[in-house]
Amino acid sequence: MVEHDIVIVGGGLAGLSAALNAAPGLDIAVISKVHPLRSHSVAAQGGINAALGNHPEGRDDSWERHAFDTIKGSDYLADQTAAELLCQQAIPMLYELEHLGVPFSRFPGGVIAQRPFGGAGFPRTCYAADRTGLVLLHTLYEQTLSKDVHFYEEWLVTNLVVRDGRCYGLVAYDLQSGEIIPIKARAVIFATGGYGRVYQKSTNALINFGSGIGLAYRAGIPLKDMEFVQFHPTSLYGKNILITEGARGEGGYLINNQGKRFMADYAPSAMELAPRDIVARAIQTEIQKGRGFEGEYVYLDLRHLGKEKIMKRLPGIREICLYFGGLDPIEEPIPIQPAQHYSMGGIDVNEKAASPVEGFYAAGECSCVSVHGANRLGGNSLLEAVVFGKIAGLSASEYVQESQGEDRAARLVNEAAAQLKERINQWLSKESRGNVYQLFHRLKKIMMEKVGIFREKGPLAEALEEIGELRHRYHQLALRSDCLQFYQELVTMMEFEYMLDIAEVITKGALAREETRGSHFRLDFPRRDDQNWLKHTIAEFTPKGPRLTYRPVKITRYQPQERKY
Amino acid sequence: MAKYLFRILRFNPARDEKPYFQEFSYEASEKDSVLDALRSIRDNLDPTLAFRYSCREAVCGACGMVINGQITLACRTILESLKSQVVVIEPLPNFEIQKDLMVDMTPFWKALREIKPFLHPQPEIPEKGYRIEEKQMERIYQFINCILCGCCYSACPVVARGQGYLGPAALAKLYRFVEDPRDKRSFSSWAKVDRPDGVWACDTVFRCHEVCPKNVRPADGIEGLRRKLVVEKIKRLFKKEP
């Protein structure tokens with residue numbers, strides 16, 4: 001058995017921020033299913049928001065303006081106290097990150113550079129060219145090497161052990177040894193990231209199954225606002241690799257097959273820099289109306305920015321286009337289409353990153369505080385990961401220092417590990433019927449087609465039924481090899497059940513929410529309905545499927561108004 | 001679509017005496033990456049095939065391997081670019097094989113730890129941040145592109161000799177910090193690399209430059225460290241100790 005004061009699951013930005021900020025003297029471990037530097041945070045490109053006011057056009061910026069933009073961007077579903085906390089903390093956090101070594105791009109005069117981003121009233125997105133996630137993740141990881149943090153790499157957490165409203169630890173599969181390990185922890189922080197790969201077209205890393213969200217849910221922790229799924233407007237056609245919003249922030253145009261900057265029809269004043277939900281729908285609409293190319297994509301044109309600007313500010317985008325698209329954006333426009341990008345919803349936590357279960361915390365994309373509401377603004381996810389990662393580290397430390405361990409913890413985690421071993425043995429002793437990858441590909445297709453950008457009652461109900469059928473087929477599966485070292489099929493078998501749970505919660509929430517808000521667009525209910533739906537969806541696990549309840553949104557000083565850009 | 005023959009090095013230390021090649025005949029799109037093909041083979045033909053991956057966009061550094069003799073990232077190697085219907089895939093050299101295409105990168109991470117790869121800043125965060133001109137940072141920008149994939153380490157002939165050389169990536173990383181205007185580490189703390197298996201071990205044959213998937217030139221950093229060491233030592237020679 002492994003034992004630590006605080007076990008952080010996930011080695012991306014939120015997890016490492018938690019590890020760096022946990023109280024010195026406590027015994028801290030980070031468990032990750034990949035080496036921390038392979039976490040999806042590394043792929044973030046465009047930047048991180050803070051109202052530093054360094055841009056010549058951003059002198060009047062303030063954290064209050066940042067909070068307003070975030071709340072308006074969220075279509076008023078964000079909890080305003082949480083958004084205010086995030087935006088207030090952003091400014092000192094940026095200086096803290098710089099002090100830890102993050103090599104931000106600079107403006108003349110030596111201050112941190114900032115660029116315009118979608119839905120923001122001022123240019124406030126700080127960046128390091130177009131590799132902001134890479135430099136943030138590497139910096140935080142390298143900083144943890146100066147501290148006494150224990151890393152368990154390539155361990156997949158498979159179960160969360162909760163009893164009587166308290167968290168006791170975890171069970172994990174150690175890929176290298178092939179063993180199932182019980183883990184005792186006084187506090188657990190989940191920083192397990194999003195579930196992008198539940199969708200067929202996603203900008204996310206291939207490892208983003210979201211099983212962390214699913215296993216918290218199965219352990220009885222509610223999920224919040226799961227029906228809000230962000231589609232990024234610009235992913236490279238064919239591979240769906242992210243093309244940063246920074247490309248439009250630097251001045252890129254979106255062009256349809258008539259050569260027109262069509263955003264004029266959807267967001268005449270913000271144009272290409274409207275929030276992501278609006279731009280993604282606009283692109284999808286153009287494609288569906290026959291104004292795309294090959295019925296699949298539109299163009300993102302950077303050519304007028306010139307070689308120098310592209311090479312300096314967007315070198316990574318050029319590299320992606322050259323290698324994965326076979327084109328040079330200096331010479332040619334980039335074919336792009338929307339793809340799943342971010343999960344606004346997640347594990348239900350409060351502003352201290354605490355869940356309703358004692359000793360269990362969550363931060364970053366797997367969590368829902370909520371600061372993003374129905375639609376996240378670009379540049380706010382890296383910010384949320386570091387700010388709430390830090391808060392989770394501090395909160396969990398405080399909890400560990402003020403609470404007592406319990407004798408039954410060891411017994412409970414051992415029991416959970418034994419149950420999992422038993423389950424694997426059953427998988428080994430059965431005859432295999434089909435394989436988990438087939439079901440996985442089917443699920444992704446259903447979600448893309450029926451629970452995507454545009455939603456409607458009929459297809460949503462069908463999706464729910466089909467997910468149920470997949471679950472039935474999943475229970476008939478078996479493992480095809482008995483060698484458990486580095487066994488990726490076993491990883492997928494264990495994670496896939498949680499993906500089914502997530503898909504079910506997203507779909508059921510989307511079916512129930514009979515309005516349009518932010519990323520959730522209902523063709524049959526195309527208007528926002530504050531009278532009935534200005535509230536968070538809370539989904540709790542029951543053996544018969546999710547039970548949905550609702551909770552009011554916290555409103556401070558920004559009254560909901562019509563969202564125009 | 002085209003028919004490809006994949007010859008993949010297989011080795012499971014728990015079960016096999018020695019590594020062997022296994023062939024998979026598979027129809028794939030020419031636009032697919034080698035990583036796409038490996039995943040298809042695993043999903044459809046052999047669930048036990050083991051290899052690392054994550055981002056599939058050449059930024060996480062997980063999928064370094066040898067493809068038709070070239071050390072590279074599988075995610076960024078598009079099948080048609082190979083100009084061959086036969087694709088030979090082997091694990092990165094200079095590392096022990098853990099299983100199939102997965103290697104044990106422990107020595108690589110250990111070398112990284114050894115150079116203390118984190119900023120040693122002044123004690124206090126400056127009010128409203130640091131003032132650094134872009135020019136001062138330009139010297140280190142190429143090293144910031146490093147994704148720690150280990151390709152340079154596995155291509156390095158000095159590492160291959162097995163005498164505890166820190167390797168290109170770790171030394172380049174050290175240079176990135178030493179040159180950072182915010183870094184306050186003392187000369188003596190980093191001058192540990194002034195040793196035969198430190199910066200002086202590099203043969204300057206630039207295999208690391210050839211294989212780096214991110215166009216980093218680690219030997220620039222190694223040469224930079226050498227220059228700094230020499231200049232600093234000469235300075236000290238003429239400086240009278242109080």
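Lettering of chains follows the sequences in order, A, B, ..., and the numbering in each one begins at 1.
Contact annotation for A/F486: both backbone and side-chain heavy atoms come within less than 4.5 Å of a heavy atom of chain B. Neither the backbone nor the side chain of B/P181 comes within less than 4.5 Å of any heavy atom of chain A. Only the side chain of A/K312 has a heavy atom closer than 4.5 Å to any heavy atom of chain B. Neither the backbone nor the side chain of B/P13 comes within less than 4.5 Å of any heavy atom of chain A. For A/Y437, the part lying near chain B is the side chain, with the backbone staying farther off; criterion is any non-hydrogen pair under 4.5 Å. Neither the backbone nor the side chain of A/N208 comes within contact range of chain B; no heavy atoms are under 4.5 Å apart. Residue contact with chain B, scored on non-hydrogen atoms closer than 4.5 Å, is absent for A/H40. At a 4.5 Å heavy-atom cutoff, the contact between B/R182 and chain A is made by side-chain atoms alone. Proximity to chain A (any heavy atom under 4.5 Å) is restricted, for B/F177, to the side chain, taken from C-beta onward.
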Give the intermediate values and the outcome of ring pair (Phe, Tyr, Trp, His ring centres under 6.0 Å) for residues A/Y173 and A/Y487.
-> CA-CA 10 Å; A/Y173 161 55; A/Y487 188 15; 8.3 Å; no

Begin from the C-alpha positions of B/K173 and B/F143 and carry the test side-chain contact (heavy atoms from CB on, under 4.5 Å) through to its verdict.
-> CA-CA 7 Å; B/K173 181 69 91 175; B/F143 304 107; over 6 Å; no

List the steps, then state whether side-chain contact (heavy atoms from CB on, under 4.5 Å) holds for B/K110 with B/R113.
-> CA-CA 5 Å; B/K110 189 169 160 275; B/R113 256 173 201 270; 5.7 Å; no

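Per-residue heavy-atom pair counts under 4.5 Å with chain A were compared for B/N44, B/I144, B/T48, B/I132, and the maximum is reached by B/I132. Put simply, of A/E96, A/H138, A/Q176, the one with the most heavy-atom pairs under 4.5 Å next to chain B is A/H138. In terms of heavy-atom pairs under 4.5 angstrom with chain A, the leader among B/E127, B/R15, B/K116, B/K214 is B/R15. Ranking A/L242, A/L94, A/V34, A/L100 against chain B, the residue ahead of the rest is A/L100, based on heavy-atom pairs under 4.5 Å. Between chain B and the residues A/L479, A/V436, A/T203, the most heavy-atom pairs under 4.5 angstrom are made by A/T203. Contact count against chain B (heavy-atom pairs under 4.5 Å) is highest for A/Q485 among A/H441, A/Q485, A/Q438. Each of B/C146, B/P47, B/P121 has some count of heavy-atom pairs under 4.5 Å with chain A, and the biggest count is that of B/P47. Note on B/I140, B/D180, B/N145, B/L112: by heavy-atom pairs under 4.5 Å with chain A, the leading option is B/N145. Options B/N215, B/I78, B/I147, B/D46 differ in how many heavy-atom pairs under 4.5 Å they form with chain A, and the most are formed by B/I147. With chain B as partner, the option from A/E142, A/E98, A/R38, A/E319 having the largest number of non-hydrogen pairs under 4.5 angstrom is A/R38. Interface remark: of the candidates A/T492, A/I241, A/V111, A/I241 forms the most heavy-atom pairs closer than 4.5 Å to chain B.
Every residue meeting the side-chain contact (heavy atoms from CB on, under 4.5 Å) condition with A/P36, not counting sequence neighbours, appears here in chain and number order: A/Y141, A/F151, A/E153.
Between B/Y130 and A/H99, the ring-plane angle classifies as parallel under the 30° and 60° cut-offs. Between B/H120 and B/F118, the ring planes lie parallel to each other; the angle is under 30°, not in the 30° to 60° tilted range. Between A/F440 and A/F496, the ring-plane angle classifies as perpendicular under the 30° and 60° cut-offs.
Side-chain contact check for A/T139 versus A/L97: every heavy-atom pair is 4.5 Å or farther apart. Using a 4.5 Å heavy-atom threshold, the side chains of B/Y4 and B/Q85 count as touching.
Rounding to the nearest 0.5 angstrom, the gap separating the NZ atom in B/K99 from the CZ atom in B/F11 is 12.0 Å. In this structure, CG on A/L490 lies 12.5 Å from CZ on A/R480, to the nearest 0.5 angstrom.
Contact record, A/L206 with A/F209: O-CE1, 3.2 Å, taken as the closest heavy-atom pair. Heavy-atom minimum distance, B/P91 versus B/I97: CG-CD1, 3.7 Å. Nearest approach of A/Q488 to B/L49, heavy atoms of both residues: OE1-O, 3.6 Å. The heavy-atom pair separating A/M494 from A/W427 by the smallest distance is CG-CZ3, 3.8 Å. In this structure, B/L92 and B/S154 approach most closely via the heavy-atom pair CD2-OG, 3.5 Å. Contact between A/T132 and A/C126 at its shortest, heavy atoms only, is CG2-O, 4.2 Å.
Residues of residues 22-41 of chain B lying under 4.5 angstrom from chain A, judged on non-hydrogen atoms, are B/K31, B/D32, B/S33, B/L35, B/D36, B/R39 by number. Identified by a heavy-atom distance below 4.5 Å to chain B, the contributing residues of residues 102-109 of chain A are A/V102, A/P103, A/F104, A/S105, A/R106, A/F107, A/P108, A/G109, in residue-number order.
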Extract all donor-acceptor atom pairs below 3.5 Å that involve side chains of residues 55-71 of chain B and protein atoms in other chains or at least two apart in sequence.
residue	atom	partner	partner atom	Å
B/R56	NH2	A/S202	O	2.9
B/R56	NH2	A/N240	O	3.1
B/N68	OD1	B/V88	N	2.6
B/N68	ND2	B/V86	O	3.2

